[in-house]
Structures are given as C-alpha cells and as structure tokens.
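Input: a single structure, listed below in structure tokens.
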Amino acid sequence: MTRTYWAAVTAVVLALLFAAGAVTVAAGNGNEDGGRGGSPASRTPAEDSADAGFARDMSVHHQQAVEMSFIVRDRTKNEDVRRLAYDIANTQANQRGMMLGWLDLWGLPKVSAGEPMAWMTKPGSDGGHGGHGSHGTHEVRDGSLMPGMATRTDLAKLRAADGRQAEILYLRLMTAHHKGGVTMAQGCADRCEVAVERSLAQGMVDAQESEIALMADLLKARGAAPRP
C-alpha cells in the first residue's frame with residue numbers, strides 16, 4: 001500500500017508538471033500553422049471537436065492504464081513486468097496531464113455530457129478512414145466505457161491475483177487496453193486539427209504498438225497468449 005501511495009503521488013505531481021508544460025507549449029505556438037488549413041496551434045477547438053473529444057476520452061482511458069499498472073507493481077516481484085508497468089504508468093500519467101492542460105487552455109470541460117467516442121463518428125469526421133471508425137461507438141459493459149478498457153470484474157480479478165497469475169492477467173488486460181488506445185489515437189491523428197495534439201496522438205500509436213509486441217513476448221515466456 002505504501003509503494004502504491006507514493007507511486008500515485010509521484011504520477012500526480014508529474015502529471016501536473018506536464019500539464020503546465022503543455023499549456024506553455026500550446027500558448028507559445030500561437031503564430032504557428034496548425035497543419036490544417038492554416039489553423040494556429042492555439043486556436044480553441046469546438047467542444048464537440050475531435051481535439052476536445054480525444055483529450056477528454058483518452059484522459060479517462062489513460063487513467064485506467066495508470067491504475068492497472070500500480071496494481072500489478074504490488075502483485076508481482078518480476079522486474080520485467082514491474083519495469084513495464086512503471087513505464088506505462090509514468091508515460092500515461094504525463095500524457096494525461098498534457099491533455100487536461102489543453103482542455104484548461106481551451107476553456108473546455110474535462111468531462112463530456114455526451115456519448116464517449118462520439119467525436120470518432122461525428123458527421124464529416126471520415127469515420128471509416130483507415131478502418132478506425134468502426135470503434136466510434138462502444139457499449140458500456142461492466143464499467144468498460146471505451147475500446148480496450150477493463151471491466152470492474154477484470155480489475156477485481158487483477159487486485160486479487162498474485163505472482164505469475166497477476167502478470168498474465170495484467171499483460172492481457174493491458175494488451176487489449178493498448179489496442180483500444182491505438183484505435184483512439186489513430187482517430188485523433190487522422191481527425192484532430194491542433195498540430196501538437198496530432199503529434200502526441202501519433203506518438204501514442206507508435207509507442208503502444210511497440211509495447212503490444214513486447215507484451216506478446218512476455219506472455220509467450222509465461223506460456224500464455226493475448227486474449228482472442
């Protein structure tokens with residue numbers, strides 16, 4: 001419990017620092033071309049835009065990845081899994097801070113009153129582009145709000161597991177989580193108007209696809225495979 005508490009405190013502090021940095025970077029890009037019809041990077045997106053929707057939804061998505069990573073770090077002593085969990089927790093807490101910082105900068109709410117993922121199927125958003133639009137709507141199932149998110153039952157099982165069992169469950173849950181995250185991030189890379197946000201989204205795609213491959217290797221070493 002002590003490790004989890006201090007790890008959580010560290011992640012929150014880092015997220016706040018990155019949020020402040022994100023606001024500074026975005027504000028400093030006011031005279032730059034946003035890459036879409038000359039829109040400046042600091043131009044305020046609409047509340048129902050892909051930029052705002054992605055920032056809100058991916059913040060929620062990332063928060064669960066951070067939570068699962070902190071859980072498994074206390075359920076196993078395996079250094080490979082603990083190192084991966086630490087990297088994911090810190091990276092996604094930092095990115096979450098950046099996205100929440102942009103929403104603050106834009107004066108937009110951090111929580112949407114509408115349907116999660118609606119920004120991926122908004123008319124004119126090319127919902128079928130690149131095969132990603134099919135995940136634009138997602139049925140809420142046992143607390144799973146967006147593609148790849150673990151259910152409440154999944155999280156309870158992870159908290160109750162130990163050792164190799166916890167490692168396999170975490171790697172399977174995080175693989176599915178990353179696959180959903182890649183779908184969402186590619187959606188922003190295709191649709192978002194703010195250049196710095198598109199860049200972050202593409203970085204998420206590249207990093208999470210690499211981690212998916214790493215987790216497949218870690219599962220194979222444990223005689224397991226990702227969920228079908």
Side-chain angles (χ1 to χ4, degrees), residues 3-4 7-8 10-11 14-15 18 54 57-99 116-117 130-132 134-135 138 141-189 199-228:
R3 288 196 303 271
T4 300
T10 299
L14 287 171
F18 270 73
F54 173 74
D57 287 348
M58 190 58 90
S59 293
V60 174
H61 206 267
H62 271 22
Q63 180 59 33
Q64 189 183 74
V66 172
E67 179 184 1
M68 291 195 295
S69 297
F70 284 149
I71 291 172
V72 81
R73 276 177 57 82
D74 283 345
R75 310 307 298 172
T76 180
K77 296 184 183 300
N78 182 268
E79 287 305 315
D80 289 335
V81 174
R82 285 169 58 84
R83 186 180 305 110
L84 172 66
Y86 182 82
D87 289 345
I88 290 174
N90 278 278
T91 297
Q92 297 209 12
N94 295 340
Q95 291 174 344
R96 183 172 183 270
M98 293 175 70
M99 292 182 288
M117 306 293 293
H132 301 289
S134 61
H135 297 278
H138 181 69
R141 181 175 60 88
D142 191 19
S144 175
L145 299 174
M146 282 168 273
M149 286 188 72
T151 65
R152 286 186 289 265
T153 300
D154 290 331
L155 294 176
K157 288 179 179 178
L158 182 60
R159 291 188 184 97
D162 279 302
R164 181 175 175 275
Q165 182 187 19
E167 295 162 16
I168 291 173
L169 183 53
Y170 171 77
L171 292 169
R172 284 175 169 169
L173 291 174
M174 192 57 73
T175 295
H177 202 274
H178 270 19
K179 287 179 178 178
V182 167
T183 293
M184 294 169 66
Q186 188 62 57
C188 177
S199 178
L200 176 67
Q202 186 59 55
M204 289 179 188
V205 171
D206 298 339
Q208 292 191 28
E209 285 182 340
S210 177
E211 286 175 345
I212 288 170
L214 171 60
M215 289 188 286
D217 290 341
L218 291 172
L219 282 167
K220 185 177 180 180
R222 289 159 175 77
R227 286 177 170 176

Point-to-point distance, once rounded to the nearest 0.5 Å, from [atom1] of [X] to [atom2] of [Y]:
{"X": "Lys77", "Y": "Arg82", "atom1": "NZ", "atom2": "CZ", "value": "7.5 Å"}
{"X": "Gln64", "Y": "Ile71", "atom1": "CD", "atom2": "CD1", "value": "9.0 Å"}
{"X": "Met146", "Y": "Thr183", "atom1": "CE", "atom2": "OG1", "value": "13.0 Å"}
{"X": "Thr153", "Y": "Lys157", "atom1": "OG1", "atom2": "NZ", "value": "6.5 Å"}
{"X": "Leu84", "Y": "Glu79", "atom1": "CG", "atom2": "CD", "value": "12.0 Å"}

Going by heavy atoms in the side chains, are [X] and [Y] under 4.5 Å from each other?
{"X": "Arg222", "Y": "Asn78", "value": "yes"}
{"X": "His178", "Y": "Met215", "value": "yes"}
{"X": "Arg73", "Y": "Val81", "value": "no"}
{"X": "Leu158", "Y": "Glu67", "value": "no"}
{"X": "His62", "Y": "Met99", "value": "yes"}
{"X": "Asp162", "Y": "Thr76", "value": "no"}
{"X": "Glu211", "Y": "Met174", "value": "no"}
{"X": "Gln95", "Y": "Leu200", "value": "yes"}

Return the minimal non-hydrogen interatomic distance between [X] and [Y], and the atom names on each side.
{"X": "Ala65", "Y": "Gln92", "result": "CB-OE1, 3.2 Å"}
{"X": "Phe70", "Y": "Ala89", "result": "CE2-CB, 3.9 Å"}
{"X": "Ile168", "Y": "Leu219", "result": "O-CD2, 3.8 Å"}
{"X": "Gln208", "Y": "Gly181", "result": "OE1-CA, 3.9 Å"}
{"X": "Ala185", "Y": "Met58", "result": "N-CE, 3.8 Å"}
{"X": "Phe54", "Y": "Met204", "result": "CZ-SD, 3.8 Å"}

Given 3.5 Å as the limit, does a donor-acceptor pair link the side chain of [X] with the main chain of [Y], or not?
{"X": "Arg227", "Y": "Arg172", "result": "no"}
{"X": "Arg75", "Y": "Ala161", "result": "yes"}
{"X": "His177", "Y": "His61", "result": "yes"}
{"X": "Asp57", "Y": "Pro116", "result": "no"}

Exercise. Does the distance from a Lys or Arg side-chain N to an Asp or Glu carboxylate O, for Arg164 and Glu167, drop under 4.0 Å?
Worked result: no
For this session: Determine which pairs satisfy salt bridge (Lys or Arg N to Asp or Glu O under 4.0 Å) with at least one residue from residues 83-95, sequence neighbours left out, and list them in order.
Result: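 As it turns out, the salt bridge (Lys or Arg N to Asp or Glu O under 4.0 Å) pairs with a partner in residues 83-95, which skip direct neighbours, are Asp80-Arg83.
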For this session: Check whether the side chains of Ser69 and Tyr170 place a donor and an acceptor atom closer than 3.5 Å, and report yes or no.
Result: yes
Exercise. Taking atom types as modelled, is there a side-chain donor on Thr151 or Asp154 under 3.5 Å from an acceptor on the other?
Worked result: yes
